[in-house]
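Order of listing sets the numbers, starting from 1, for every ligand and every atom in it.
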Amino acid sequence: MSKRMRVVLFASVLLLTLTASAQRRRRFGEPPPPPTPQELQLTGEMEKVRDATLASDYAYQRLAYLSNNIGPRLSGSAQADAAVQYVADELRKLGADVKVEKVMVPHWVRGEERAELVEYPGQAPKTTQKIVLTALGGSVATPNDGVTADVITVRDITELRKLSRDKVQGKIVVYTNRYDQHMAEAGESFSAYGIAVAERAIGASEAARLGAVAAVICSVGGANYRLPHTGAMFYLPDVAKIPAAAATYEDIDTIADLAQQGRVRMHLTLTPQTLPDVESANVVADIKGSEHPEEIVLVGGHLDSWDLGRGAIDDGSGVSSAMQVIATIKQLGLKPKRTIRAIAFMNEENGGRGSAGYVQAHEAEIKNHVGAIEMDNGAGHAMGFVAHASTDSIAKLQLAAGALHAQGADIIRYTPNSPGADVSGLDQRGVPTFAPLNDGRTYFDYHHTPADTFDKIDKTHLQENASVLTVLSWYLANAETRPVHIDPPKAAEKQ
Ligand SMILES: [Zn+2]
């Protein structure tokens with residue numbers, strides 16, 4: 001073998017070896033570069049706040065009070081007022097700098113809600129069949145003695161739109177589209193919710209467009225113990241407002257069966273009222289940063305809740321977990337470099353006035369928001385967090401995920417949109433947004449029902465979620481660099 005051949009052979013073997021090891025690294029994940037002294041210190045602090053949070057029952061006790069002592073907290077209610085006072089007082093007790101920031105909120109009040117089938121195939125003489133339902137939030141009322149009309153069933157808005165006006169005019173439209181329980185059990189409950197919620201949002205207006213007198217949807221959620229799920233609905237501007245309700249899964253099933261056999265008539269009574277807007281508030285609590293007090297890490301949930309349950313999961317769990325962030329940092333006597341701001345938003349459920357009011361009141365400092373974390377996807381086992389941030393920022397966030405590894409919460413999942421409604425205004429203005437990644441398989445079993453009560457809260461799972469909020473807040477408040485919201489546009493490819 002010539003010397004030249006030997007050189008070529010050596011170079012080829014070296015190249016093959018390097019390629020194989022690069023492939024191996026790709027397959028098993030690049031070993032991270034050794035941590036810098038600053039990263040080591042930050043990791044130590046994150047582990048400290050994690051362990052203190054996992055050992056604390058602060059959030060659990062605050063959530064018990066919000067749920068059991070105060071109860072449901074629909075915007076404009078006396079309970080919502082009491083909750084603002086309670087959360088502000090508790091955060092002051094911790095030594096945070098607390099402000100109660102006024103916002104005007106809608107004041108919708110539920111009235112009577114009942115329905116009976118008064119005519120249907122096979123009806124026994126002098127009987128009716130009770131239908132279990134609840135008014136959708138924002139619905140107008142029927143006359144006090146109700147409305148009686150023929151029922152027309154359609155699967156969804158798409159099917160409704162294929163009908164001519166004479167088929168729908170003067171009738172009660174019943175949508176039979178169901179929440180997909182199989183999808184939820186496979187871990188895709190938010191997708192199942194997203195698919196089923198369109199009829200709740202605008203089903204009444206779509207029915208009114210064809211002359212319907214009322215609309216009834218199938219409750220958007222799982223479980224099916226004949227519990228109705230409420231939720232917000234909206235009237236489109238160009239059509240008449242008609243009453244809207246959600247019946248239980250079981251009642252929709254019965255109506256659909258009977259309507260296939262012949263004529264079905266329903267008597268429906270809903271008497272909600274929309275009262276004038278009232279003053280309410282967001283609660284905003286700061287621990288000032290020691291180096292960059294003007295830079296803000298926001299962490300929160302929403303304080304208002306639907307009125308049927310006690311707002312334990314949705315979203316007392318988010319508010320109490322954000323309070324825990326302040327409690328843990330104060331308990332350990334730590335000082336963040338940037339300001340950590342816990343917030344309890346008002347009116348997420350039926351208006352979003354709290355989050356809109358926050359953006360308006362803090363317009364000048366939005367550019368100083370380093371990140372915004374919202375917990376409003378339930379309090380199930382936390383597996384990590386979702387992030388709407390750039391690829392490079394998510395790579396850097398591995399340091400925070402590493403600190404959550406010991407509690408089994410080190411997944412970082414990219415999301416192309418804001419992971420929460422109350423931080424979406426900030427997200428739209430370029431603030432990176434985050435949320436815990438929960439096991440949400442049973443979330444919609446209780447969501448917006450009378451069963452959203454404190455007994456459904458698993459203390460360990462709540463602590464895990466609070467720990468994700470605390471570790472992530474601490475990382476964002478102390479990391480060398482701020483996260484970037486979205487990837488910079490790709491440079492034009494070279495010719
Ligand atoms: Zn919520």
Side-chain angles (χ1 to χ4, degrees), residues 59 63 66-67 70-77 79-80 83-84 87 105-106 108 136-138 179 189-190 192-194 196-197 200-201 219-222 229-234 246 280 282-283 298-323 342-356 358 372-380 382 386 415 417-427 433-440 442-454 456-457 461-462 465-466 469:
L63 180 51
L66 277 173
S67 311
I70 295 177
R73 305 173 294 280
L74 190 56
S75 290
S77 66
Q79 295 102 315
V84 166
V87 169
V105 295
W108 180 84
L136 291 178
Y179 171 85
S189 60
F190 286 88
Y193 181 73
V197 83
R200 192 188 81 198
S219 286
V220 187
H229 299 233
T230 191
M233 54 88 62
F234 310 96
S280 187
N282 295 325
V283 182
L298 183 140
V299 56
H302 67 86
L303 192 48
D304 64 309
S305 80
W306 281 110
D307 53 336
L308 298 177
R310 298 199 176 97
I313 304 171
D314 185 13
D315 184 31
S317 66
V319 168
S320 59
S321 296
M323 293 169 79
I343 180 160
F345 286 106
M346 184 50 65
N347 188 226
E348 188 275 340
E349 295 291 6
N350 60 337
R353 301 275 188 87
S355 52
Y358 178 83
I373 313 162
E374 178 176 359
M375 177 173 159
D376 185 22
N377 294 327
V386 291
T415 170
N417 301 302
S418 169
D422 279 322
V423 296
S424 64
L426 293 169
D427 188 281
T433 48
F434 307 91
L437 173 63
N438 306 100
D439 178 347
T442 63
Y443 178 53
F444 293 100
D445 290 357
Y446 307 115
H447 185 251
H448 298 182
T449 73
D452 181 359
T453 46
F454 184 66
K456 307 306 182 310
I457 299 295
H461 291 166
L462 186 72
N465 278 284
L469 297 190

Check: Is the Zn ion (ligand 1) less than 2.8 Å from at least one N/O/S atom of Asp315?
Finding: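 Here the distance criterion (N, O or S atom, under 2.8 Å) is not met by Asp315, so no.
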ask   = Could you give the distance from CG (Asp445) to NZ (Lys456), rounded to the nearest 0.5 Å?
value =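 The NZ atom of Lys456 is 10.5 Å from CG of Asp445, to the nearest 0.5 Å.
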Q. If you check every N/O/S atom of Asp376, which is the one nearest the Zn ion (ligand 1)?
A.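 Restricting Asp376 to its N, O and S atoms, the minimum distance to the Zn ion (ligand 1) goes to OD1.
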- Item | Non-neighbouring partners of Asp452 that pass salt bridge (Lys or Arg N to Asp or Glu O under 4.0 Å), sequence neighbours left out |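 Counting only residues at least two positions away or on another chain, Asp452 forms no salt bridge (Lys or Arg N to Asp or Glu O under 4.0 Å).
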How are the rings of Tyr443 and His447 set relative to one another: parallel (under 30°), tilted (30 to 60°) or perpendicular (over 60°)?
->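 Judged by the thresholds at 30° and 60°, the geometry between Tyr443 and His447 is tilted.
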Minimal non-hydrogen separation, Ala312 against Leu63, with atom names: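 In terms of heavy atoms, the two residues are closest at O-CD1, 3.4 Å.
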Given the Zn ion (ligand 1) as the apex, I'd like the angle to OD1 of Asp314 and NE2 of His302, rounded to 10 degrees.
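Taking the Zn ion (ligand 1) as the apex, I get 90° for this pair.
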